[in-house]
Q: 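Starting off with a structure, shown below.
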Amino acid sequence: MKNISKYLGAGLLLFTAACSQTQEGDQYTPNKDDAKAIHFIQSSIQKEFPQDAVQGVINVEIARPGNKGAYKVYLATKDDDYELFSVPAEATIPDGSHSVTIPVEVDLSNFVMGSNYKTTLYISSREARPGDNAAQVAQYSDKVTLSATYELEWETLYRTTEEGEEIPQLATYHYNGYYSGRDSGLEVEKAVGANIFRLKDWASGVTFKFVLHDDNTCTVPAQSIGYYNSNYNEYVYVADMAVYTGNDSAYASYPCTFDGESTFSFYLIYYVSSGYFAQGTEKLVFDTDIDTTPVVEIAFEGIETTSTGFKAPKLHFSPNDYTKYYKAAVVAGDITADTERQQEVRRQLIDDKLEAVTPVVTLHAEDASVWNVPSGNYTAVALAYDSIENPCKLYMQRFTNDPSDEYAPRSLEFEFYAPENNLNYSPYNTLVWQMQTANVAAMKYLCVKTAVADYLCEALGMTLEELTASRGYDVPEEMIAQLNSPEGRGTAFNTLDEGSTYTLALLMYNSFGDTAFVSKSASTFGYFAKDFDRTKTLEDFIGAFGVTATVDVDSQSSEKTFRMDIARINDRDVLISGMTDMRDFAPQLKGYYDKELHMLIVEPQYAGMYNGAYATLGFSNGLSIFWGGAGMAVGYIGDTLYWASSPYSAEEVNSYMFLLFSTPQASSSSYLRQYAGSKTYSSLKMKPLQQASAQTAARGAESRTGSIEAGGQRFTTYLTGERVAVPAKAAGSAAATAKAPAEGKRLRTDLVLHTR
């Protein structure tokens, strides 16, 4: 069983195990290794009834993994509207059946049009033996939320223009989940007698329904997006988080709101029955009255070489339909932040008195021409005039005319390397980079694990260059001076995780504000189970050991030492004490000796109580956490014991922590999204105590880290250190800049299905 970690947001851990469906019917496939003892097949069911109906039925299914013997289940309801739903006090799964259908009668006589009535159906008690193959896993739900409403009559939504004309309401939808891009001109319909809306021709041609409440909050019920995913043989569904999880408290972390004017913001999840693809905030914007303001867009399209060999900047002026004409010119310097200079240029353009670098020209249409200006820093300006020839706004675009690349920021060298004869360097926890630059006046950098970089770009909807610009760290001026020197500069990121891949991104600025972007990835060395000594016996693992480990607490890492004891239980099993450095939590855990692989295997297990919560040993790969299906191995390389991912682990994990739950049985619904002591342990090395004094002494090196927050969680970023600082060699390389994605809605092909 896999669950998404803290890096994906606290709310994710609440719903990754939910199996929320709106369609009715038998969806349960017995599986002795992946089934719950007794459970509802769905976590929520929503049903619409005809408006003239006074009584209705919602069919609910309860399932078990086995099919032998009759099995009795007792039921109860809860929530404000429970009196409207008639639920049998008990139900029996017949002998030979995996499930039973329970009819829940709904009293519709007092329903109000557009309202949604809910109750939650619980299993209050059950027989002790559910049948064959009973396993415990939180893939299915102990409760189901039922909701009932009337079928709705739809009509076109109209709006009134400033001139008093009634016209159909159109809208633009901004996709950021299963699709990316946007659709404009979508028709909007409204349910008769209720604040329930739907978009026509949304996503793959279906409608998109949502409810607007009096407090400007919204609900997005579960609905098909109209796209059939052949990999899973079912349609993809979308819903807001509260509907998906069956828990209204999810709106606190994942809101759906209306700004009261024209913009709706929905936090949505796209899913199939076996997991979800993508999640994030998407926006719907109602069209308002057309803006007739004259606008002139200006774009610098680089340096162009004319037929005579002359190189000059190409400027593209694009007026909108409400611009009768515009006056254009190029002025010296960057005036985009100088309000006083802007006002002066505007007045001089109106009075035909502007003395610019170029002559002022009056243009009536789109124009893309080269402009004859010397090398340097400039601002292209355009003063727009409306239909009655009133001067309006001054538009600007700064650019650099640099035909000989004398101003462009450049990376002449950018490499990771291993320094020789440096006692502070270890390839297992340090990455050293060297660089030489030219024309760089300022620089930002960002160093994170590569998997985290990929996730941040996806979650925040940014390119790596944009992420570095907005969340990166400034490089000090003295270091930039060294980077620009003939010798260049090198520095280090230290106390990193072993066997991990990191990405370093650098955004360079020249004195004019032009940028160049480079990034590179490198990996630290690691210890792996395949390298363990296959001659060691169980006796070699018994005793007291001095431990050195990297301990992360709230995104801050440091190297700690503590003692761990391993005692024999029998010829296979061992008892491990001291897997933490905490005085208030010292669990005793079990492992077993693998005779074929000559290593200890430690897997998820209950670890006792911590501050009133139930602790379970869990594992992480840096982006996800696991309390099932993963584990670590302990083995010898030389005379040292190392912890590495178990050969039997379904996921490649590199650290462990003690996850806290509200119940003894670990599940997504009971996970408290906390660790004992907020601590994660990685890079463990162990020496028998008689050998451990020198090797386990802490180096005293605290990692230099920062953080980025996204989705309510904090991501560790790494700061440059001074432990390794050497000159870099000069070499030639070209800087690359990232390009913005094209506009328009498009089906995404890079989606990853996260299993529950």
Side-chain angles (χ1 to χ4, degrees), residues 18-27 40-62 73-92 99-124 141-157 189-199 206-215 217-224 237-240 242-251 256:
C19 184
S20 180
Q21 301 291 334
T22 56
Q23 66 269 31
E24 297 182 47
D26 189 355
Q27 302 171 32
F40 294 103
I41 289 178
Q42 299 158 272
S43 63
S44 66
I45 303 175
Q46 179 176 333
K47 189 168 183 178
E48 295 182 348
F49 296 94
Q51 295 185 17
D52 58 352
V54 295
Q55 197 75 18
V57 174
I58 299 176
N59 288 323
V60 179
E61 290 190 84
I62 291 180
V73 182
Y74 300 90
L75 306 171
T77 57
K78 184 181 178 181
D79 290 331
D80 295 339
D81 304 320
Y82 70 91
E83 69 274 7
L84 301 176
F85 299 79
S86 297
V87 179
E90 61 183 56
T92 300
S99 64
V100 65
T101 299
I102 303 169
V104 177
E105 295 183 356
V106 186
D107 179 9
L108 307 172
S109 59
N110 294 316
F111 270 29
V112 176
M113 188 63 61
S115 295
N116 195 35
Y117 297 87
K118 293 183 179 181
T119 191
T120 302
L121 180 58
Y122 292 82
I123 297 173
S124 60
S141 179
D142 277 331
K143 63 181 180 179
V144 59
T145 299
L146 307 180
S147 60
T149 187
Y150 277 130
E151 292 177 346
L152 301 172
E153 179 184 349
W154 298 96
E155 62 183 9
T156 301
L157 179 65
E189 293 184 327
K190 183 176 182 293
V192 176
N195 278 336
I196 304 175
F197 303 84
R198 70 181 185 184
L199 297 180
V206 299
T207 60
F208 174 79
K209 185 169 69 174
F210 62 95
V211 182
L212 175 62
H213 304 294
D214 292 339
D215 60 354
T217 61
C218 301
T219 297
V220 180
Q223 55 200 292
S224 170
Y237 267 66
V238 66
D240 66 40
V243 170
Y244 180 79
T245 61
N247 187 344
D248 285 345
S249 65
Y251 286 122
C256 295

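Note that the coordinates shown come from a computational prediction; the quantities given were computed from them, not determined experimentally.
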Q: Kindly determine whether V60 and I45 satisfy side chain to side chain contact (heavy atoms under 4.5 Å, CB included), including the steps that lead there.
A: CA-CA 8 Å; V60 179; I45 303 175; 4.3 Å; yes

Q: Report yes if the side chains of F85 and L146 come closer than 4.5 Å at any heavy-atom pair, otherwise no.
A: yes

Q: What's the spacing between K190 NZ and N195 CG if we round to 0.5 Å?
A: 5.0 Å

Q: Look only at the side chain of D240 and the backbone of T219, and say whether a donor-acceptor pair between them is shorter than 3.5 Å.
A: no

Q: Considering all heavy atoms of both residues, which atom of F40 and which atom of I123 are nearest to each other, and what is their separation?
A: CE1-CG1, 3.7 Å

Q: Test side chain to side chain contact (heavy atoms under 4.5 Å, CB included) on T101 and E61 and set out the steps.
A: CA-CA 4 Å; T101 299; E61 290 190 84; 3.6 Å; yes

Q: Could you tell me which non-hydrogen atom of V54 sits nearest to which non-hydrogen atom of D107, and how far apart they are?
A: O-OD1, 3.7 Å

Q: Which atom pair, heavy atoms only, marks the closest approach of V106 to A148?
A: CG1-CB, 4.1 Å

Q: Just verifying a value: how many Å separate E90 CD and I102 CD1, rounded to the nearest 0.5 Å?
A: 10.5 Å

Q: Kindly compute the distance separating CG (L121) from CD1 (I62), expressed to the nearest 0.5 Å.
A: 6.5 Å

Q: E153: which residues meet the salt bridge (Lys or Arg N to Asp or Glu O under 4.0 Å) condition with it, sequence neighbours left out?
A: none

Q: Donor-acceptor check, side chain of Q223 to backbone of V238, threshold 3.5 angstrom: yes or no?
A: no

Q: If I take atom CD from residue E189 and atom CG from residue L157, how far apart are they, to the nearest 0.5 angstrom?
A: 9.5 Å

Q: Just how far is it from atom SG of C256 to atom CG of L212, taken to the nearest 0.5 Å?
A: 11.5 Å

Q: Taking all heavy atoms of A222 and all of A239, pick out the closest pair and write down the distance.
A: CA-CB, 3.6 Å

Q: Show the nearest heavy-atom pair for residues L108 and Y150, with the distance to one decimal.
A: O-OH, 2.8 Å

Q: Counting N and O atoms only, with roles assigned by atom type, does the side chain of K47 sit under 3.5 Å from a partner on the main chain of V57, one being a donor and the other an acceptor?
A: yes

Q: Work out which heavy atom in W154 is nearest to a heavy atom in F197; give both atom names and the distance.
A: CZ3-C, 3.8 Å

Q: Would you give the length of the straight line joining atom NZ of K209 to atom CG of L152, rounded to the nearest 0.5 angstrom?
A: 6.0 Å

Q: Are F49 and I58 side-chain neighbours, meaning at least one heavy-atom pair lies under 4.5 Å?
A: yes

